[in-house]
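Step one of this worksheet: look at the structure below.
Heavy-atom basis, side chains included; hydrogens, waters and symmetry copies ignored. Order of the sequence lines fixes the chain letters, A, B, ..., with proteins taken first and strands second; residue numbering starts at 1 for each chain.
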Number of protein chains: 2
Amino acid sequence: MDNDEQAFLADYDPTRFERPSFTVDLVIFTVRDESLRVLLVRRDEHPARGCWALPGGFVDIHRDATIDDCAQRKLLEKTGVAAPYLEQLATYGSRDRDPRYWTATTVYFALLGASALAPEQDPARVRWWPVQGCGVATPLAFDHGRILADAVARLRNKLEYTHIAVHLLPETFTLPELQRTYELILQQPLDKSSFRRRVTEAALLEALPGRFRDSPGRRRPAQLYRFRHYDRETFFPRSLARYAR
Amino acid sequence: MDNDEQAFLADYDPTRFERPSFTVDLVIFTVRDESLRVLLVRRDEHPARGCWALPGGFVDIHRDATIDDCAQRKLLEKTGVAAPYLEQLATYGSRDRDPRYWTATTVYFALLGASALAPEQDPARVRWWPVQGCGVATPLAFDHGRILADAVARLRNKLEYTHIAVHLLPETFTLPELQRTYELILQQPLDKSSFRRRVTEAALLEALPGRFRDSPGRRRPAQLYRFRHYDRETFFPRSLARYAR
DNA sequence: GAAATAGTGTCTATCAGACATTATGGC
DNA sequence: GCCATAATGTCTGATAGACACTATTTC
């Protein structure tokens, strides 16, 4: 860096222009009690006070080195989970989405395994809402309803060509459980044989020999599996098929 | 909106917190002279003065109603093209990507048909750089090299399951031209028969009867086609195959 | 052994890749 | 008529969807 550049930077006033407000929001999914669920918080401040909303907030430019770090930090604060599946969804920015000012928010979506969940806090303020269709059974603050719909669509879409659903299960799980997770999210029954072929041929699961899951009322127990390595680059071939019946 | 909320909004001071700087950048692609090209501008200000960079800049919260509008406006300013293919790529935000301050930038990528291009301006300041591999033959400012690599990867990926390549051609084009465009971007020869089957079965092209493209040196002229309607939801089935030979 | 769930085998329609063949127009 | 390019035909291996079947456990 030459002297000229140093002088320029010393002179630079970053508040010279009116700038949009920038936040990070999270769509946090898990599967519990036979449904896909999303973590929402009730707003106790204006605007949209009393409405349910996606968790999120401002970047802390002193604590967060990157927006990914910011999303990770907010997730940890909300759920106590440190290393989940976390992926950037999209950025929504406009003059009207918040009545206060021009805002942009970068939205991440996270998948949490049911076993990793911290116990639910005050259910009047933080709640796992079941996803029905493309949203939840309550109107959301700002444009969060549309954001949630986009996140659900992305999740469904990615189920078809990746293995991300394993991140919604506990560390060990059975193939019927995995299939059930797919069916809950896609809202569609799948063919067992084709599903198993697809999963086993991908060779990403590791059978835990001799171990079975106990579940009351079940008849024959199922083989337990563990996820081997998650590789974002491993996709299913012939992606669109869903084994729908 | 009740009185309480009005009072809250009147009181609100949006400059209370230190916030990141927020910009919009563009990766503008076209195909010309047998190569995929990206529009870069030479920076004449610090930092990274003299480096080539993606076009972009601050959101104008008075003129731009949304970030999409902002991207559209910047594209129009740079290229004179009003309604191209424009899609949000991702948002990059961190403390270090700009030495001045914590910045976030939402990046869009655009595809321009060769016929729509405004004549090149001052080539010392604005230039269509050929894409080689995942980037260009000059280092870029900030993290723009990485952003460009991501955009190229996304473009290649989307070629495999969508029809977006038609946006890189003039309004009318022949199937050999379309195939050549695919081959240039994917950097791989494709099988003619399979390619044509794929394109024609999608039924998105309309043959212009009796019209042929003149091109010196060519022997048999080819049928001209026009793109019917671009439908973002129409994908190719069995997407991953590339007809590679 | 009945019931229920876990898990396997196999047939078939579809389709992508490969490559051969025909068609057409410029020279 | 020759040649280069455009366009079509066809064979085949792979695979997803369908569904029947076997296996194993609880009661």
Dump every N/O contact between nucleotides 3-5 of chain C and the protein below 3.5 Å, one line per pair.
residue, atom, partner, partner atom, Å
C/dA3, N3, A/R219, NH1, 3.0

Under 3.5 Å, which protein N or O atoms sit close to an N or O of nucleotides 8-11 of chain D? Give each pair with its distance.
residue, atom, partner, partner atom, Å
D/dG9, O6, B/S193, OG, 2.4

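Not counting sequence neighbours, the partners of A/V41 by the side-chain contact (heavy atoms from CB on, under 4.5 Å) test are A/P55, A/K78, A/V126. Remark: A/A71 pairs with A/V24, A/L26, A/L86, A/Y108 by the side-chain contact (heavy atoms from CB on, under 4.5 Å) rule, at least two apart or across chains. Residues meeting the ring pair (Phe, Tyr, Trp, His ring centres under 6.0 Å) test with A/Y92, sequence neighbours left out: none. In terms of the side-chain contact (heavy atoms from CB on, under 4.5 Å) criterion, residue partners of B/T174 (sequence neighbours excluded) are, by chain and number, B/P176, B/E177, B/R213, B/A222, B/L224.
D/dT5 atom C1' lies 14 Å from atom CZ of B/R180, rounded to whole Å. Whole-Å rounding puts the A/Q179 CD to C/dT8 P distance at 13 Å. When rounded to the nearest whole Å, the span between CG of B/L178 and C1' of D/dA7 equals 15 Å.
Aromatic ring pairs are classed by plane angle as parallel below 30°, tilted from 30° to 60° and perpendicular above 60°; the pair B/W52 and B/W129 is perpendicular.
Using a 4.5 Å cut-off on side-chain heavy atoms (C-beta onward), B/R97 and B/R146 make no contact. For the pair A/Q188 and A/E183, the minimum side-chain heavy-atom distance is 4.5 Å or more.
Along DNA chain C, the nucleotide closest to B/E201 and the one closest to A/L175 are compared, and the more 5′ of them pairs with A/L175.
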